[in-house]
Amino acid sequence: MLQEESDLSLIIAQIVQKLKGSNLYSQLERQAWASLQRPEIKLESLKEDIKEFFKISGWEKKLQNAVYSELSVFPLPSHPAAPPEHLKEPLVYMRKAQGSWEKRILKSLNSMCTELSIPLARKRPVGEQKELLNKWNEMGTDEPDLSLFRPVYAPKDFLEVLINLRNPNYENGDSLSFRTHLGLIQIPLKVKDIPELKECFVELGLNTGQLGIDDSTQVPPELFENEHVRIGQKVLAEQDSAAAQQYIRQGSPTALRAELWALILNISSEPEDVLYYEQLKTNVIQHDLLVDSLIYKDVKLTASNDDYYFVFEDYLYQVLLCFSRDTSVLSHFAYNSASPPKSYIRGKLGLEEYAVFYPPNGVIPFHGFSMYVAPLCFLYHEPSKLYQIFREMYVRFFFRLHSISSHPSGIVSLCLLFETLLQTYLPQLFYHLREIGAQPLRISFKWMVRAFSGYLATDQLLLLWDRILGYNSLEILAVLAAAVFAFRAVNLMEVTSLAAAEAVLADLSTLKVMPLLQIFLFATVT
Amino acid sequence: MAGKVKWVTDIEKSVLINNFEKRGWVQVTENEDWNFYWMSVQTIRNVFSVETGYRLSDDQIVNHFPNHYELTRKDLMVKNIKRYRKELEKEGSPLAEKDENGKYLYLDFVPVTYMLPADYNLFVEEFRKSPSSTWIMKPCGKAQGKGIFLINKLSQIKKWSRDSKTSSFVSQSNKEAYVISLYINNPLLIGGRKFDLRLYVLVSTYRPLRCYMYKLGFCRFCTVKYTPSTSELDNMFVHLTNVAIQKHGDDYNHIHGGKWMVSNLRLYLESTRGKEVTSKLFDEIHWIIVQSLKAVAVNASPSLTSSTANDRILKYNLINDTLNIVVPNGEIPDCKWNKSPPKEVLGNYEILYDEELAQGDGADRELRSRQGQSQGPRAGRSRDSGRTVLTTWK
C-alpha cells in the first residue's frame, strides 16, 4: 500500500506543479485575495472559510474539472525513477520503430522541399500579408498551384510500417497453432476480449438506454430520451466534467453536445484564449510554411469533396494553419511516443542552439488529417472555440492514431484488437478473407486512423465520438470496425477478391453505429 | 379490368422512364388510350388551354394540376397570397390576425413585393421610405435564376417606369413582367455562404387538400462567400443559389454539387442553436408550404436533370415514391379514389397536411397550437408521422 500512496502523492505533486502555471491558478489566487473582504471570512478559520467560499462560488468545481482533465491525459507513472522516454513509450523497440518512421517522414518532407526549391518557412512580403488577411475567411477560393505537392504519407504507408513491426524479444516459432495470430500485426500486445469489453463498456448494454437507439421514432420519448435530456441539462448546470463524461457514455442530445464536449475537454473560452488564437492567426499571416501547402492540398482532396463537410472548407484552413504554428502543442510530446521533427537553421546543422521544431507544433499532417477537424464544424462556428476543441481532441486522442506505441488506445493496439476480435469471434469470415488475399485490416485500417470521419454519416460519427470522450479511450473504434465486418459478413463470405471485399465495405454512410456496437458486444454468442 | 398502367411522357429522363419500366407499365403514345401522362410544362399548357377543351377521363392522371402556374409564376403567386390573406381577414379568421404595427402574425412570409410595371409608382413610394435598401428583380415567367438582378438605385429600373419616355416596354405582355421584392440581405449563412432550400412537395388532391413532403430535400449553397457589400451586388455567384448559375462558377464541385441534405441542416442548427429554435424553424417552413398551397397552386417543373450521381439516385427514388402514392399498387387510375394512402407506401414522403384528418380535429386546433408551443398532449413530437417534426397543427 505504501507504493500506491507514494504513486498517488507523486501524481498529485505533478498535477499541482502543472496547474501552478495555469491561468486557473492566478484566477483562484485573485479570488482568494478578493474574498478577504467578505464578512464570512474570519482570520481564525481562514483556510476553512476560503475553501467554503470556493465551494459555494463554483471555483472548486472549476479546479475539480482541471484536475480531472489532467488525470485523463496523464500517463500513469511506472516508477519515480523512470526516465522521460518511458512516459512517452515504455517499450524500447516501439520507440526505435517510431524513431525510424519519423526519420522517413522528415526525409520525404525535406526531399520535396529540395525538389521544389521551396523553403520550409519564409516570411511573407507585406503585400502578400495584406492579401491573405483580406482573404482570411475564404481561403478556399485561393487556387495555389498544388500539383507538385504530394501528401507526405498516406495511411496505407503507415500500415506497411506497422505490419513489419517486430518485438525482438519475442520468438514466434514456426509451428502454427490455434494461438497463432493470422492477422497482419505480429506484435504481442495485450488486448481485451469481448467479456472484458462488456465490462469496460457496460453502459452500452442492452438494458441501458442509448441515444442512437432509444431515441428512434418508434420509441416514445417518455421512455428514455426526455429524462436523458433533462439529466444532461442538469449536468451542464452543475458544470461538472466528471459527471459529463459519465453521462455522455449514453450519448449526447444534439442540442447539448457542443457544451458537453467543451465541459469534458475542460475548454472555456476566456478572452486569453481568443487572444491566443488571434496571435496564431498573425503568425500565419506573417510567415508561410511548406506544411501550409500540404494542408491546402489535403483539404482540397478530402473535405472539399465530402458531402457533409464541404460547407466548412474555409474553417478548416483557419484551424489547421494556426494549429501548425501552435507551440503549446509541443507539450503533448511528453506522453506521445513521437517526437517533433527538428530542423536546423541553414548552415548550422547539428548545432542544438540553432535547432527549431518544424513545423512549430511538431505535427506533420498526412493525407486525411483535415478530417479530424471537419466533424467539429457541425458543433462550433466560432473559430477560436473550434480551434481550442480541436487542439484538445488532438492532444488527447487523435495523436495516438498515427504514432507507434504500446498504449491500449494506440493504433497498434487498435489494429491488434480488431484482428483478434475478428479471428476469435468470426473465425470463418476471417479465414475466408485471408484466403482470398483480403486481410481485413487492409480495409478497416483507414477507418480507424481517421476515427471513422468521412466514412460514417455525421450524426452517427458524433454519437461514436461521444463514446470516445465518455470512455476516454479509442478502443471503441476497433470494436466498431469488427462490428461492421460482422454486419456485412454474409456478403463478405461470397466475395472472391480484395477489390470485391472493398466494394462490399465501401459505403458505410447508412450504418447506425450504436445498434451495431450493442449487437456485437452484447448480443453475439461468445 | 386488371391491366397494366399505360404511360406517356414527353420528357426523356431516365429517372422517369426507369421507374415506369420497373413497374412493368406499358408505354403508349399520346394519341392512344393512356392512364398516366408525365407532361412537360408546355404540354400542360396546351392540354388545359381553353381552346382545346380537353377533358381527362376518369382513368387518367397527369403530373400537374391545370392551375399549377398560379404558384410558378411569381406575380401570380404574390397575388394569390395577398388575396388569400385578405379573404381570411374578411372572414374574420384568427389566422389573419395582425399585430399593433399591422403585420400579420401568422401569414407574414412574403417580403414586400410589387409587380412591375403595374405597381411602379407604389414601389417608388416604398423605395423612398428606405432609400438605402436593396431590392431584387425577378422576371415572372422564368426559372433557374435567369434574368434576376439586384438594385439599390431607382435609376437601375427606369425602364419599368410607366411614363418613362425611354420606356420600350409598351406591351404589358406576361413575358416582360417582373416582380420586385425587398431583398433580405442578412440571410442565415453557413460556412459564410448563402443557401436556399429545395424541398419536394407532392399534392395528390386539392379538395380535400392532401400533400406530402419528401424528407430528403436539400440545401443549395453558393460557391462564393456571402457579402452584403454593394460592390458585389452584381456578382450572381454570391446571391443566387440556383445550381444552373452556380455550376458555371470556378469553384463548382461536381461531386457534391454544392448540395447538402436537409438532415445536415437540421443537425447543424440543433447543435449550434438548440432544439427549440430548430423545431420552430422547420414547423414554420411546413406552415408556409401548406398556406401557400391553400392560397392556390403548385410549382410547375422541378428540374429532373441530375447534376451529380447522388442527385440522380435522389430523383429516381423521389419519382418512385411519388408514383407509389399517386398510383397505388399499380392499379389503373380511378378518379373516385379518395382514400389516404397507408403509411407503408409513403416511402420518404411524410404527410405534410391532410385536410380530411385535420378537419376531424377542427380548424381551431390549428390556430391554438400555432399560438402556443406547449399545450397538452398535442405538444411535442407527433410520432406517427416520422422523425422530422410536423407537430402541433396537424
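Here is how names work: the chains are called A, B, and so on, in the same order as the sequence lines, proteins then strands, and each is numbered from 1.
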Item to check | B:Tyr268 ring center within less than 6.0 Å of A:Tyr308 ring center | outcome: no
Checklist entry - Which region of A:Leu256, side chain (C-beta onward) or backbone (N, CA, C, O), has a non-hydrogen atom less than 4.5 Å from a non-hydrogen atom of chain B, or is it both or neither? => result neither
Next on the checklist: Check A:Asp307 with B:Lys259, please: is the shortest side-chain N to carboxylate O separation under 4.0 Å?
Outcome noted: no
Item to check | Shortest non-hydrogen separation from A:Tyr315 to B:Gly191 and the atoms involved | outcome: CE1-CA, 3.8 Å
Item to check | Straight-line distance of B:Arg193 CZ to A:Phe310 CZ, nearest 0.5 Å | outcome: 8.5 Å
Next on the checklist: Quick check for you: to the nearest 0.5 Å, what is the distance between B:Arg266 atom CZ and A:Asp459 atom CG?
Outcome noted: 12.5 Å
Item to check | Close side-chain approach of A:Leu379 to B:Thr272, heavy-atom, < 4.5 Å | outcome: no
Item to check | For A:Ala255 against B:Gly274, the heavy-atom pair lying closest together | outcome: CB-CA, 4.0 Å
Item to check | N/O donor-acceptor pair under 3.5 Å between B:Trp260 side chain and A:Val311 backbone | outcome: no
Next on the checklist: I'd like to verify something: which residue of A:Glu138, A:Arg257, A:Glu259, A:Glu313 has the highest number of heavy-atom pairs under 4.5 Å with chain B?
Outcome noted: A:Glu138
Checklist entry - In terms of heavy-atom contacts, does CD1 of B:Ile184 have more than 12 from other residues, nucleotides or ligands at under 6.0 Å? => result no
Checklist entry - So which heavy atom on B:Ser271 is nearest to which on A:Ala258, and how close? => result O-CB, 4.1 Å
Checklist outcome for this item: Of B:Gly258, B:Cys219, B:Gly192, the largest count of non-hydrogen pairs under 4.5 angstrom with chain A goes to B:Gly258
